[in-house]
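Beneath this line is the structure, given in structure tokens, with notes to follow.
Nothing here was measured: the structure is a model prediction, and the numbers come from that model.
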Amino acid sequence: MMDWLQLFFLQPVSLYQGAAFPFALLFNYLCITDSFSTHARYLFLLVGGGALAVAAMGSFAVLVFTPALCAVVLICLLGPRDVHRWTFLFQMSWQTLCHLGLHYTEYYLQEAPSTRFCITLSSLMLLTQRVTSLSLDICEGKAEAASGGIKSKSSLYEHLCKALPYFSYLLFFPALLGGPLCSFQRFQARVQGPSSLYPRHSFWALTWRVLQILGLECLKVVMRWVVGTGAGLTDCRQLQCIFVMWSSAGLFKLTYYSHWILDDSLLHAAGFGPESDQSPGEEGYISDADIWTLETTHKISLFTRKWNQSTARWLRRLIFQQGRTWPLMQTFVFSAWWHGLHPGQVFGFLCWAVMLEADYLIHTRANLFIRSWPMWLLYRTLTWAHTQLIIAYIMLAVEVRSLSALWLLCNSYNSVFPTVYCILLFLLVKRKHKFN
């Protein structure tokens, strides 16, 4: 389990993201000095994305280039009403086929997947975000539709110029391997307008991010030692399994935090971060790593909104706001599909949905009855601990790669924490129906 995480995030992706930093700074410098045209900027980002894909993925880069090309063709051929439906179906079908290839390698052949193939799947998932975000923007009239462009009598050069912004957006190198989802409107504004990154603001912002990454890496060394020297789920006993779950989930979270901050730094270096007068929480820009909130919240609902924030907002827009019946369950089912439908992912995301429903009812009921300050402090402490342990349980379920490891988790003392919320959910729903 730990080997998979290091394979997927630590070693390869962070290395390639770090190698892209000089080119991100170069792009931003050329924008500041207004050294090249808008088309040249689009080409710089596109060629950089292609080069980074080939370097990181090798021949598997074709699995990313092909759906990007097909998405642009669909955008240029279809009208605003149909573009989202067909691009969504094609992109998710392609991504599912690639995930099935991973299932075949892991479960049928019983072989470790290729590092480059894992990076490709990660990039493909991010591409799905950008494709569906762009198609929704076109469908809702937030972005200009290119339908009819190929059918018109314009020259080939004009067709390519119209398609270039879409190609560049889907494959631009600062967001190819990671980073918060950047909308197409924001992408266009940054490419076509002057850079918003000022040298002094940039230096201190990037320095602070580097210090954060160094701090997280030091904590990861400590947590890796704790996890490596202690017992695992296979040989832990009773309450010891709770510490094993908490420490393992802590290592996972530290890895995600470090990776998200690095991705955010790359986007910032390229000029796609927040403006100097804009806070990171505004609608135009959202960072994935709100570490303080994630580690101090006593509500699963708040943790869900803040964990990987740009993805959470994308899922809310794509699925939750479109769903008419059981939108919450639809959102988590789709999230399991998008992640690859591994057994642990299916179980983990369904468990997350149930815990979220229980969280809403528990805190709503508590707000009505808890009045005194000491009781409120006790309530906050207990719900914080319970929330963090439930999140650790869900995280381990999602990250495990086999049914045997999932069974060890479910058969341990750790299952007490989600079971308590399930019982409270049943009692509160029953009481609610009886009251109605």
Side-chain angles (χ1 to χ4, degrees), residues 129 180-181 212 216 245-246 249-250 252-261 264 274 279-321 323 326-336 338-339 348-371 373 375-399 414 417-422 424-425 428-429 432:
Q129 285 190 339
L181 175 62
Q212 285 181 301
L216 290 169
M245 178 186 71
W246 175 82
F252 281 123
K253 288 197 287 187
L254 289 172
T255 304
Y256 281 117
Y257 295 156
S258 178
H259 188 72
W260 288 339
I261 294 174
D264 183 72
S279 62
E282 291 185 16
E283 181 67 20
Y285 177 87
I286 186 167
S287 177
D288 283 333
D290 188 351
I291 302 175
W292 175 258
T293 302
L294 291 170
E295 295 300 321
T296 59
T297 182
H298 70 296
K299 294 182 178 180
I300 296 177
S301 56
L302 181 57
F303 185 96
T304 303
R305 290 194 298 271
K306 293 297 183 179
W307 177 262
N308 200 354
Q309 289 186 79
S310 63
T311 298
R313 188 168 68 177
W314 169 70
L315 287 169
R316 181 178 181 84
R317 182 190 181 197
L318 182 69
I319 305 297
F320 187 84
Q321 293 178 349
W326 299 88
L328 182 66
M329 189 59 68
Q330 287 185 39
T331 303
F332 280 93
V333 169
F334 174 79
S335 185
W338 179 65
H339 279 84
F349 283 112
L350 291 180
C351 178
W352 198 339
V354 175
M355 295 300 100
L356 194 55
E357 289 284 0
D359 181 80
Y360 283 131
L361 291 177
I362 291 169
H363 291 295
T364 301
R365 179 68 62 175
N367 290 333
L368 295 175
F369 291 99
I370 298 178
R371 300 298 181 186
W373 182 82
M375 285 299 296
W376 182 256
L377 182 61
L378 178 62
Y379 162 74
R380 285 291 298 262
T381 303
L382 291 177
T383 51
W384 170 81
H386 204 91
T387 293
Q388 295 299 321
L389 289 171
I390 286 177
I391 292 300
Y393 183 88
I394 293 171
M395 189 168 295
L396 257 67
V398 170
E399 294 292 343
N414 298 309
F417 304 108
T419 301
V420 170
Y421 261 37
C422 287
L424 291 175
L425 174 63
L428 291 174
V429 169
K432 183 179 179 180

Do any N or O atoms from the side chain of H339 and from the backbone of S335 form a donor-acceptor pair under 3.5 angstrom?
yes
Quick check: W260 with Y256 (ring centres under 6.0 Å apart)?
yes
Distance in Å, Q212 CD paired with I261 CD1, rounded so as to fall on 0.5 Å steps:
4.0 Å
Please determine, by modelled atom types, if N367 and H363 share a side-chain donor-acceptor pair under 3.5 angstrom.
no
Scanning both residues in full, the closest heavy-atom pair of Q309 with S287 reads NE2-O, 2.8 Å
Taking side chain to side chain donor-acceptor pair (under 3.5 Å) as the definition, give me every residue that meets it alongside T293, ordered by chain and number, with sequence neighbours left out.
D290
Tightest non-hydrogen contact, residues C351 and I394, listed as SG-CG1, 4.2 Å
So T387 and K299, do their side chains get closer than 4.5 Å, heavy atoms only?
no
Gap between atom CD of E357 and atom CG of L425 - 0.5 Å precision:
7.0 Å
R380 backbone acceptor or donor facing T383 side chain under 3.5 Å
yes
Parallel under 30°, tilted from 30 to 60°, perpendicular over 60°: which one fits the rings of Y379 and W376?
tilted
NZ/K253 to CD1/I391 distance, rounded to the nearest 0.5 angstrom?
7.5 Å
State which residues pass ring-ring contact (aromatic ring centres under 6.0 Å, His included) with H386; sequence neighbours excluded, sorted by chain then number.
F417, Y421
Could you give the distance from CG (L315) to OG1 (T331), rounded to the nearest 0.5 Å?
7.0 Å
Between Q330 and F320, does the side-chain contact (heavy atoms from CB on, under 4.5 Å) criterion hold? Intermediate values first, please.
CA-CA 7 Å; Q330 287 185 39; F320 187 84; over 6 Å; no
One pair to check against side-chain contact (heavy atoms from CB on, under 4.5 Å): I291 and L216. What are the steps and the verdict?
CA-CA 11 Å; I291 302 175; L216 290 169; 4.2 Å; yes
Which pair of heavy atoms, one from F332 and one from F349, lies closest together, and at what distance?
CD2-O, 3.5 Å
Stepwise side-chain hydrogen bond (donor to acceptor under 3.5 Å, both in side chains) test for T311 and Q129
CA-CA 8 Å; T311 298; Q129 285 190 339; 2.9 Å; yes
M355 versus P418, closest heavy-atom pair with distance
CE-O, 3.4 Å
May I ask you to decide if Y360's main-chain N or O and T364's side chain share a donor-acceptor pair within less than 3.5 Å?
yes
Rounded at 0.5 Å granularity, tell me how far NE2 in H298 sits from CD1 in I362.
11.0 Å
Looking only at the aromatic ring of each residue, does the gap between the centers of W352 and W307 stay below 6.0 angstrom?
no
Is the shortest side-chain heavy-atom distance between F303 and D359 below 4.5 Å?
no
Closest non-hydrogen contact found for G348 with V398 is CA-CG2, 3.9 Å
OG1 of T419 to CG of N414, rounded to nearest 0.5 Å, is 10.5 Å
side-chain contact (heavy atoms from CB on, under 4.5 Å), that's the test. Do E295 and Y257 meet it? Break it down for me.
CA-CA 11 Å; E295 295 300 321; Y257 295 156; 2.7 Å; yes
Can you name the nearest heavy-atom pair linking W384 to T297, along with the distance?
CD1-O, 3.2 Å
Who are the side chain to side chain donor-acceptor pair (under 3.5 Å) partners of R317, not counting sequence neighbours?
D137, E140
